[in-house]
Structure formats: structure tokens, C-alpha cells
Q: 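If you scroll down you'll find the structure; I have some questions about it.
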Number of protein chains: 2
Amino acid sequence: MRVTQKSIADKIGVSVSLVCRVLSGRADEIGVAEETRKRVMETAEEMGYVPNLAAQTLRGKPSRTVGVVVYDFQDSFFSDLVGHLQRIVHSAGYSTVIVGFTDREIDTQDLSPLLQRALDAVIVVGSDLTGNVFERLKHVPVFRIGVGFPGESTICYTADEERAASELASYLKERQVANVMCVRHVSPILERRIEGMRRALEGAGLRVESIVAPKGLRNFEAGFWMATEHLKPNALPDAVVCAIDLIALGVIHGALSRRIRIPDQLKVTGFDDIAVSRQIYPPITTFAQPVVSIVERIVERIGKGDFEIGVEYVYCPLLRRLSC
Amino acid sequence: MRVTQKSIADKIGVSVSLVCRVLSGRADEIGVAEETRKRVMETAEEMGYVPNLAAQTLRGKPSRTVGVVVYDFQDSFFSDLVGHLQRIVHSAGYSTVIVGFTDREIDTQDLSPLLQRALDAVIVVGSDLTGNVFERLKHVPVFRIGVGFPGESTICYTADEERAASELASYLKERQVANVMCVRHVSPILERRIEGMRRALEGAGLRVESIVAPKGLRNFEAGFWMATEHLKPNALPDAVVCAIDLIALGVIHGALSRRIRIPDQLKVTGFDDIAVSRQIYPPITTFAQPVVSIVERIVERIGKGDFEIGVEYVYCPLLRRLSC
DNA sequence: TTGTATGCGTTATCAT
DNA sequence: ATGATAACGCATACAA
């Protein structure tokens, strides 16, 4: 049996409420004999008392628990993000209950770990989630990292894709790129991002060809497929632009395996700055999403109870690396 | 205010206990008028009733929650693992409370999210954790993925490193490798693994040189440092053997950036088969830890309440790929 | 300075 | 077939 306030009280022959007052730290506030206080503290320590969260929660105490919904655990952008999130949230004294999905629709059943609990907030990571997910989470503030959909009641931190696109256009021009290929994809969010890039590139006078990956290919595979099916060594574009690093990774893998040299013969760009992008050779030119500061801001807002709905666009600096 | 059994009872003018019986599914078992049953169900649905986990837990119902302790979130072996774990655990009807650390000692405070909760089990992922972590988790069965330390009361699934080492030795011999470099490292667990490999390689008649990375370098950086500081283009070893893929990734990055061709001039091997190892070019020859089946077995055992202490050695097949 | 009583939401037991 | 009551562990208002 686990140690409760009652077991402590019984042991030293006082009442439960006295023990409670001491343990909840308001001993002096209310007035408790110093000696009693000491005895309670010592006994609690000695017996290994740990407060029962269920009981506290039932009494209405905030559980200091944050729910996390992760769309695609296979994309290391998200799993890295969860790592940071976990660390930052925890150092602010919260714990995390995580629910994740890869490549499938979410149903209500899936969210029950979050619905059943008293949560201080929910953080949704990953963009390919539609509105019905959020309708179930009405009783709790929802923060979202990624692109939201119109009319949703979340506090959304989104990459400033427009600015990124225009920065990319200038950079490619500066590097004498004239012909570009884009990898298109089933994900509506990535479509949107790559479409913004296409517009910016064409606006800057570049020629853009879009390659649509077959349905069912995941990110890396889509990039790999594009490289093996559409990169003709004798008619290469100057650059391939990708919506995320994982796709770029696939392009680079496909290109290198066909002995296409990067970046001499072909430049490749991504988005997200996942760890691998720095770890492969050549490292990928990409945009850094400032995930740490986003998460820090979110945790800070959770602490302050600042839940004002809205979208904030976050600047993602271009990291010029060897792939481009 | 959230919907409770009481609010449902009030609305349709019956007692709470009746509502409870219907909602907990034992309506027929005890005897409830079909019509009443229906009305309760419909009202609950309509009002959006969700059982209060805290109350259920307080009553002693298993919370169907599994605690997860992750040592190094930056190593994608672990973050991938968390993804699988999350998925498998969840599809068996459990939720996960995750606690993570990177590069620092764990103190009791850190574990409080786990200690406070009623957990069905704890799964510890990552090996560089000492005994005092587990002492605090005496009241709950602990499963461990990775190497345990002697005398610890956990149910441990460990890679069969001995078998892997001997497989590696045969493979390298088969490939006419005579001189090998090993990257050594501060982590005691990785030290142990690489030491086992060294023994096997020398036993097979290979010459092995160990390079010790400076303290403070993390996995990738240790590999990178080794490649840039110790690979002399005019005196290369035939192969570099690494304790994990992340270190191998660093070696490969360092080698490629110095125009050393892999695998013609230098072979590189890793361990873990993280996703990147397949995604970079050339892909890394490595050992696959069967994480999915390990996690599945653990979840199955949690369900059955089979908590018999012990160590199980798991076969990790060698995946022959282009880096070697 | 300390103790008693009450309620959070759910459920098991006993009573009607 | 349905209702009343008590208990889980904690925290508070109130009484002593």
C-alpha cells in the first residue's frame, strides 16, 4: 500500500489535516507547533510519502500536465520537437501526456488519454490535422505548432513561409540558379508551402517545374522517387526545392546514388533544419524553425494563463550550407 | 464545468448510481430497464460525457497509463523508439507519460510525474542510467530496453552484443578487412559494447586501434572528431567500427568532407539501424535492434501482469549496406 | 495549536 | 429496477 497522509498521521498520532497543512507548506501560515511540523516532515520523508495526484486533481488542483498531440512521429522534425518540448515543459514543472499518429486519421477514441485528464493545456504538433480534432478539445486551451486551418480556436505558431520563400528566391538567384524543380506531395500543408515557394521563384524570374509524387509515398520516399525518376543526368535542373528536409534527404540520396554531384551539378534545399540536415554530407541548406523559442514562449504563456487565440508568424532564417 | 455522472442523473431525474451502472457497461448484469438504459446512454452522448480519470484512479481502478523514461532524446534511436512505443502502447489502450533527459543526472524531483501517478508499468529507454533511478520506482514494475546494471530489479531487454560482435568479425574478415579503428567514448555502456567488439575482432585476427574521444563530445561529434583528427588519407585503416549509428554518421561526415571515399577507401559500421542510416548515402551497415517486437512483447506482458524479473538477450541481425 | 466535517467524481455495497 | 451511502486521498472551512 502506498504511503498516504493518513498513514503518516496514524503513525505519529495526529490528525490528517495537521499532516496535510504541514505537507502543503502552509504550516507557519496557519500555525503549527515547530516540533510537530518537524516530526511530520521527518516521518513523511522516512516513509517515502508522495502526494497522490489523482486525489489532488479530483479536488480541483491544476494537474500541471500538458497534453501533446504529435502528427507524424516518423518525421524527425516532430520527434526532435517532442524532445525539446519534453525538456522545456518539464523544467517548468509540468509533465507531458503524449498522443501520436502517423499516417492515419484521428478518431475520438484516440484522444481519450487527453480528454479524461485534467490538463493545463494541449500542444498540437504537426499540421495535417483537421478541425474535428480540435472540437473535442474545447475545454482546454490548445496551442498549435504548424499551420492551422481557418476558423480554428487555437493559439498558432506558424513558420513565416512567405518571407522564407522570398529569401530563397533571392538566394538562388544570387547563386545563378535559373531552372528549378519542386517536389509536390499529397500533404495539403506541404503543397501550400511549396506553392508559395513556386510563386516567389517565378516572381523572381526563375523557371520552375513541379513534379508530383505518386500518392502513398511518404516524405523521404517521395524525394527519392523524384530523384530517380526525374533527374536526367544530361538535363539536370540547377536546383531542387523541397518543402521539408526529409524530402530533400530523399532527393540527395537518390541523386548521390546516381552519381550526381551536390552541389556542383545540382543544388538542393529543404525546410526545418532537422538534425540530420547538419549530420549528412553535404549538409542541407534549409530554414531553421526556432522550435526552442516557440516552445519556451508557449510554456511561458501556459504558466501565465495567457490563452488569447491567434496566429503568430515566426521568422525562419535561411541556413546556407553545402547542398546549395 | 465538465459533464459528470451527477449532471446526467440530474438532467433525466434518476440517481447517480443508476447512471454509473449504465455507463460502466454492467447494466444488464445488475438489471436496468432497457428504456432507462437507453435514455442514460443518449444523454451521456449528447452532453459529451467523459469519465474523470482522477476519480477512477482514486477508486483504485488501474489508470492504464505507462510511464516512459527516456535517456537521450537527441539520439534518434530513442526518439524513434518513443514513436513506436507510443503507437503500440496506445493501440493496446494505454496512455504514456513521458519523462526525458539528455546529458544530465536524474534526480528524484525529475521522476515526480511518474511517482505521483498510478502507473501500470514504467518503461525505461536508454542505458546510461544508474541504480538510484530505479530505487524510487519500487512500487511499479519496470521494463528496461537497453543494458541494465547488475542486481537491478527490472525486466530487461538487451541487444545480444556478443553475437553481434562475432557476426561483425566474420563479416569484416570476409571483406578482407585487416586493420580496424574503434571510436571509444565516455559512455560506460557504449564502452562495453565497443570493448566486446574489439575482443571479437582481435579474436578473429584483426588489428584494432582504439581512439578515445575527448570528454564532452556527444555521439555525432565524437565520430566527426575521430574522422578529422585520426584519419590520415595516406594511412587509413580498412574500417571504422562504431558503437552506434550516430557515431558512424559523424565518422562518415568527417570522412566524406575530407574526400575519403566510402566504402572503397574506408568502411564504416554502426549499431541500431536508426532511420538516417538508411536515408543517407551511402547507407550504413549496422545491426537492427528489433524495437517493435520488443515493445510489443513488453506491452503484452504489461497486459498479462507478467512481471518476472530477468534479462533477455535479443538477436540483432547485421544489415549489410553500402558503407561496408 | 489541533481536530472534525465535508466534498471533489466514481463505484461497490447495501437497502428499498 | 432503482436509490442511498460510503469510501478512495487530499484540502479546506469551521469548531474546539
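Chain letters run A, B, ... following the sequence lines, proteins first and then strands; every chain starts at 1. Just so it is clear, the values below take in all heavy atoms, side chains as well, and ignore hydrogens, waters and symmetry mates.
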Q: From the set D/dC10, C/dG9, C/dT11, return the single nucleotide nearest to any side-chain atom of B/C20.
A: C/dT11

Q: Quick check for you: among D/dA4, D/dT12, D/dG9, whose closest atom lies nearest to any side-chain atom of A/N52?
A: D/dG9

Q: Between D/dA6 atom C1' and B/R59 atom CZ, what is the distance in whole Å?
A: 9 Å

Q: In whole angstroms, how far is the C1' atom of C/dT10 from the CD1 atom of B/I8?
A: 12 Å

Q: Heavy atoms only, 4.0 Å cut-off, all strands: where does A/V14 land among base, sugar-phosphate and nothing?
A: sugar-phosphate

Q: Between C/dT11 atom C1' and B/L53 atom CG, what is the distance in whole Å?
A: 14 Å

Q: In whole Å, I'd like the distance from the NZ atom of A/K61 to the C1' atom of D/dT12.
A: 14 Å

Q: Grab the NZ-C1' distance between B/K6 and C/dT10 for me, whole Å please.
A: 13 Å

Q: Please determine whether any donor N or O and acceptor N or O are separated by less than 3.5 Å between the side chain of A/S17 and the base of C/dT4.
A: yes

Q: Heavy atoms only, 4.0 Å cut-off, all strands: where does B/Q56 land among base, sugar-phosphate and nothing?
A: sugar-phosphate

Q: Between the side chains of A/E42 and A/R39, is the shortest nitrogen-to-carboxylate-oxygen separation below 4.0 Å, so that they form an ion pair?
A: no

Q: Roughly how far, to the nearest 0.5 Å, is the CD1 atom of B/I8 from the SG atom of B/C20?
A: 10.5 Å

Q: For the pair made of CZ in B/R26 and P in C/dT10, what is the distance, rounded to whole Å?
A: 14 Å

Q: 5'-most contact on DNA chain D: B/L58 or B/G13, nearest heavy atom basis?
A: B/G13

Q: Below 4.5 Å, heavy atoms only, C-beta onward: do B/I309 and B/T154 meet side chain to side chain?
A: no

Q: Between C/dT10, D/dT12, D/dG3, which nucleotide gets closest to the side-chain atoms of B/V16?
A: C/dT10

Q: Any ion pair linking B/E152 and B/R144 (charged N to carboxylate O, less than 4.0 Å)?
A: yes

Q: Select base, sugar-phosphate, or nothing to describe what B/T4 touches, counting heavy atoms under 4.0 Å on all strands.
A: sugar-phosphate

Q: How many angstroms lie between atom CD1 of A/I302 and atom CZ of A/F307, to the nearest 0.5 angstrom?
A: 6.5 Å

Q: So which nucleotide from C/dG9, D/dA13, D/dG3 ends up closest to the side chain of A/R21?
A: D/dA13

Q: How close or far is atom C1' of D/dG9 from atom CG of A/L23, stated in whole angstroms?
A: 12 Å

Q: Which of the following nucleotides, D/dA4, C/dT2, C/dG9, is nearest to the side chain of A/V32?
A: C/dT2

Q: State whether a side-chain donor-acceptor pair under 3.5 Å links A/S187 with A/R218.
A: no

Q: Taking only the side-chain heavy atoms of A/S15 (C-beta and beyond), determine which of C/dG3, D/dT12, D/dC10 contains the nearest atom.
A: C/dG3

Q: Which donor-acceptor pairs under 3.5 Å do the side chains of residues 47-55 of chain B make with protein atoms, sequence neighbours left out?
A:
from, atom 1, to, atom 2, distance (Å)
B/Y49, OH, B/Q5, NE2, 3.4
B/N52, OD1, B/A54, N, 2.8
B/N52, OD1, B/A55, N, 3.1

Q: Hydrogens and angles aside, do A/T65 and B/R117 bring a side-chain donor and acceptor to less than 3.5 Å of each other?
A: yes

Q: So how far off straight is the helix from C/dT1-D/dA16 to C/dT16-D/dA1, going by the axes through five pairs at either end, to 10°?
A: 60°

Q: Kindly point out which of D/dG9, D/dT2, C/dA12 is positioned nearest to the side chain of B/A33?
A: D/dT2

Q: So A/R2, base contact, sugar-phosphate only, or nothing? Heavy-atom distance under 4.0 Å.
A: nothing

Q: In whole Å, I'd like the distance from the CD1 atom of B/I12 to the P atom of D/dT2.
A: 10 Å

Q: Is a donor-acceptor pair below 3.5 Å formed from side chain A/S24 to base D/dA11, judging by atom type as modelled?
A: no

Q: Using a cut-off of 4.0 Å on non-hydrogen atoms, how would the nucleic acid contact of B/T36 be classed: base, sugar-phosphate, or nothing?
A: sugar-phosphate

